[in-house]
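Chain naming here is simple, since letters A, B, ... match the order of the sequence lines and numbering starts at 1 in each.
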2 protein chains.
Amino acid sequence: MSEKRNPSGFLVKQRAFLKLYMITMTEQERLYGLRLLDVLREEFRPFGYRPNHSEIYKALHDLIEDGVLEQVKKKKEGMKLQEVVYYRFAGENGHEKAKKYKRQLKVELDRCQSMIQKAVRDNFGIK
Amino acid sequence: MSEKRNPSGFLVKQRAFLKLYMITMTEQERLYGLRLLDVLREEFRPFGYRPNHSEIYKALHDLIEDGVLEQVKKKKEGMKLQEVVYYRFAGENGHEKAKKYKRQLKVELDRCQSMIQKAVRDNFGIK
């Protein structure tokens with residue numbers, strides 16, 4: 001799985017950014033279908049970033065499509081008809097793919113960091 | 001002039017980023033039509049970012065449209081038929097508008113910086 005970057009190579013794409021968070025949340029065993037939207041919105045509220053429903057589900061869908069994650073349905077204890085949907089790494093190499101993706105994204109985030117620092121320096125004369 | 005942000009408020013838009021550079025280049029009296037594309041590409045080459053022709057001219061056009069910049073044609077010394085096209089702040093308040101825009105973009109770049117730092121911290125456990 002590799003990320004299609006903006007053809008001109010500007011900053012990291014929103015989709016890639018969200019996928020990175022979803023992989024980390026899976027590592028932390030806290031990627032639940034129902035709460036995903038709220039958790040991510042809550043996370044970025046202080047930054048004025050409000051990921052929309054379709055962007056989030058496209059990111060999740062990409063990860064499933066690419067064999068990184070799989071959906072699991074689990075019955076809620078004590079509740080007859082309620083199910084909880086969560087995500088875990090898929091099959092034998094889902095986790096390997098996820099780790100590789102994270103390494104790519106680390107490089108990409110570092111690149112963005114430097115580019116923004118450069119813009120602050122170039123346009124405002126400060127470090 | 002205010003920047004239309006990505007409706008979800010993700011990172012700074014490429015257009016805004018380029019406009020910021022063009023304003024600063026005008027302050028430095030080095031915004032020339034002919035060399036603009038090359039100068040910007042050269043600037044970002046180490047970051048793998050290669051702004052395309054149409055993106056650059058849309059940004060320039062926005063600044064003219066918004067009354068920030070105006071085009072000046074100057075005859076090249078000693079050259080009968082050659083003209084140089086460059087840009088300067090327009091009319092009475094082009095420079096004021098430019099300064100206001102720069103202040104907005106400083107806030108926006110700081111926001112992006114913090115958001116990327118957060119992503120590095122959240123996903124890679126480092127500061």
Applying the 4.5 Å side-chain criterion to the ILVMFWY set and letting contacts propagate, would [X] and [Y] be lumped into a single cluster?
| X | Y | answer |
| --- | --- | --- |
| B/Leu18 | B/Ile64 | yes |
| B/Leu40 | B/Tyr86 | no |
| A/Val72 | A/Val85 | no |
| B/Tyr101 | B/Phe89 | yes |
| B/Val39 | B/Leu31 | yes |

Quiz item: For A/Phe124, is the NZ or CZ atom of B/Lys102 found under 6.0 angstrom from the centre of its six-membered ring and inside 45 degrees of the ring axis?
Solution: yes
Spacing of [X] atom [atom1] and [Y] atom [atom2] [to the nearest 0.5 Å]:
| X | Y | atom1 | atom2 | value |
| --- | --- | --- | --- | --- |
| A/Gln28 | B/Asn123 | CD | CG | 8.0 Å |
| A/Ile116 | B/Ile116 | CD1 | CD1 | 3.5 Å |
| A/Glu43 | B/Asp122 | CD | CG | 5.5 Å |

Quiz prompt | Sidechain-backbone polar pair: A/Arg111 side chain, B/Phe47 backbone, donor-acceptor under 3.5 Å | solution =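 Looks like yes, one N/O pair under 3.5 Å.
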Quiz item: When only pairs under 4.5 Å are counted, which of A/Phe44, A/Phe17, A/Tyr21 shares the most heavy-atom pairs with chain B?
Solution: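 Heavy-atom pairs under 4.5 Å are most numerous for A/Tyr21.
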Quiz item: Under a 4.5 Å heavy-atom cutoff, which of A/Ser114, A/Cys112, A/Pro46 has the most pairs with chain B?
Solution: A/Ser114
Quiz item: A/Phe10 vs B/Tyr49 aromatic rings, parallel, tilted or perpendicular, using cut-offs 30° and 60°?
Solution: tilted
Quiz prompt | A/Asn52 side chain to B/Ser8 side chain, donor-acceptor N/O pair below 3.5 angstrom | solution = no
